[in-house]
Amino acid sequence: MEHQVFVPVPADDLRAVLRDPAQVARCVPGLQQDADTDAGPVSGRLKVRVGGSTVTYRGALTVTERDPGHFVFDGAGTEVRGSGTVTFSLDLRLTPIPDGTRLDFTAGATADGRAAAFPPEAATTSVVRLLDRAAGALTLAAAPDVVSDPVAEAEEAEGGEGGADGPGPGHVEDDVTEVTASVFETDVPPPSLDPFLAGRFEGSDGAPRPPAEAAHARRTMIGRSAEEVDHAPPRGRYAPVPAPASAGAGDSLRWIAPAAAFALASAVVIGRALRRRR
């Protein structure tokens with residue numbers, strides 16, 4: 001694959017960084033260098049994100065300067081959790097242009113293991129993102145002053161509005177003293193619902209006691225007291241369900257009395273019928 005990046009840094013400054021392996025290692029995004037110096041200055045662990053997958057490789061990188069504006073990076077790595085390997089070669093050419101330098105990348109790689117299963121489009125996007133970040137780190141290492149501070153620029157712009165020429169015509173200075181204070185030095189006002197905000201209320205024992213309205217508002221805000229919670233039955237969804245009412249003596253009499261009257265009337269009718277037959 002091929003990729004181009006413009007950086008607002010002269011080519012000579014970039015060459016000075018690329019000739020120092022220690023600075024090259026700091027320009028590799030996400031590289032965790034090994035403590036073992038025998039492996040080389042540009043060696044360690046590198047986490048690569050491709051699509052929704054992440055693979056961590058352990059390997060080393062060598063930098064070779066072919067020409068004053070031509071550098072070649074050769075590297076190899078092995079998966080930390082697995083047996084997959086990857087080898088790559090990156091060709092970098094520095095082309096001076098007005099107001100900066102054009103970086104021309106030409107990369108090629110061979111891989112097996114998990115990297116071999118990545119879609120080509122996702123792998124290309126991941127490599128392009130890695131090269132863009134590396135170019136930005138290279139710019140910072142070559143010319144730290146190139147990266148501007150937006151806050152400092154805004155302050156300079158505000159200071160430049162007044163300018164060295166002084167205020168414009170018709171400007172009237174007010175007798176106003178500028179007061180600056182830190183956020184941590186500002187007094188915090190009391191809450192508006194504080195029952196003691198309006199004044200102090202003395203009780204019979206001399207201790208301050210809030211009025212009934214304030215006490216009710218305070219209970220509403222902070223909840224009921226422990227004594228009320230201990231003695232008051234639970235309410236709402238946790239309230240106990242009343243047991244079904246059992247049938248009492250009054251309920252029994254409601255149907256016993258009509259039944260007795262019906263039985264008595266039936267006995268009278270049957271007795272009269274028997275007498276007639278006799």
For [X], what residues pass the side-chain contact (heavy atoms from CB on, under 4.5 Å) criterion, not counting sequence neighbours?
| X | value |
| --- | --- |
| Val72 | Arg66, His70, Asp74, Ser89, Asp91 |
| Ala111 | Val86, Ala115 |
| Val28 | Leu31, Leu46 |
| Val63 | Val24, Phe71, Phe73 |

In terms of side-chain geometry, is the basic nitrogen of Glu65 or Arg19 positioned less than 4.0 Å from the acidic oxygen of its partner? yes
[X] to [Y] - nearest heavy-atom pair and separation:
| X | Y | result |
| --- | --- | --- |
| Ala107 | Leu90 | CB-CD1, 3.7 Å |
| Ser126 | Arg49 | OG-O, 2.8 Å |
| Val17 | Cys27 | CG1-SG, 4.3 Å |
| Thr101 | Pro10 | OG1-C, 3.4 Å |
| Pro98 | Phe6 | O-CE1, 4.2 Å |

For Val50 and Val55, run side chain to side chain contact (heavy atoms under 4.5 Å, CB included): C-alpha distance rounded to whole Å, both residues' side-chain angles, the deciding distance at 0.1 Å, then the answer. CA-CA 8 Å; Val50 180; Val55 185; over 6 Å; no
Side-chain contact, heavy-atom cut-off 4.5 Å: [X] with [Y]?
| X | Y | value |
| --- | --- | --- |
| Glu79 | Thr56 | no |
| Val9 | Leu138 | no |
| Phe105 | Asp132 | no |

Apply side chain to side chain contact (heavy atoms under 4.5 Å, CB included) to Val7 and Leu103, showing your working. CA-CA 8 Å; Val7 294; Leu103 307 181; 4.1 Å; yes
For the backbone of [Y] and the side chain of [X], can you confirm whether one donor and one acceptor N or O come within less than 3.5 Å of each other?
| X | Y | answer |
| --- | --- | --- |
| Asp67 | Gly69 | no |
| Thr139 | Ala135 | yes |
| Asp104 | Gln4 | no |

Check salt bridge (Lys or Arg N to Asp or Glu O under 4.0 Å) between Arg15 and all other residues, then give those that pass, not counting sequence neighbours.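 Once residues adjacent in sequence are excluded, the partners of Arg15 under the salt bridge (Lys or Arg N to Asp or Glu O under 4.0 Å) criterion are Asp12.
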Are Leu92 and Met1 linked, directly or through intermediate hydrophobic residues, by side-chain heavy-atom contacts shorter than 4.5 Å (ILVMFWY only)?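 Cluster IDs for Met1 and Leu92 match.
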Hey, mind stepping through Arg114 and Ser53 against side chain to side chain contact (heavy atoms under 4.5 Å, CB included) and telling me if it holds? CA-CA 9 Å; Arg114 295 182 59 187; Ser53 303; 3.9 Å; yes
Does Thr87 have any side-chain hydrogen bond (donor to acceptor under 3.5 Å, both in side chains) partners at least two apart in sequence or in another chain, and if so, which? Thr110
Go through the steps for Leu130 and Val48 under the test side chain to side chain contact (heavy atoms under 4.5 Å, CB included), then give the verdict. CA-CA 9 Å; Leu130 187 64; Val48 181; 5.5 Å; no
Answer yes or no: are there more than 12 heavy-atom neighbours, outside Asp99 itself, under 6.0 Å from its atom CG?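 Result for CG/Asp99: open.
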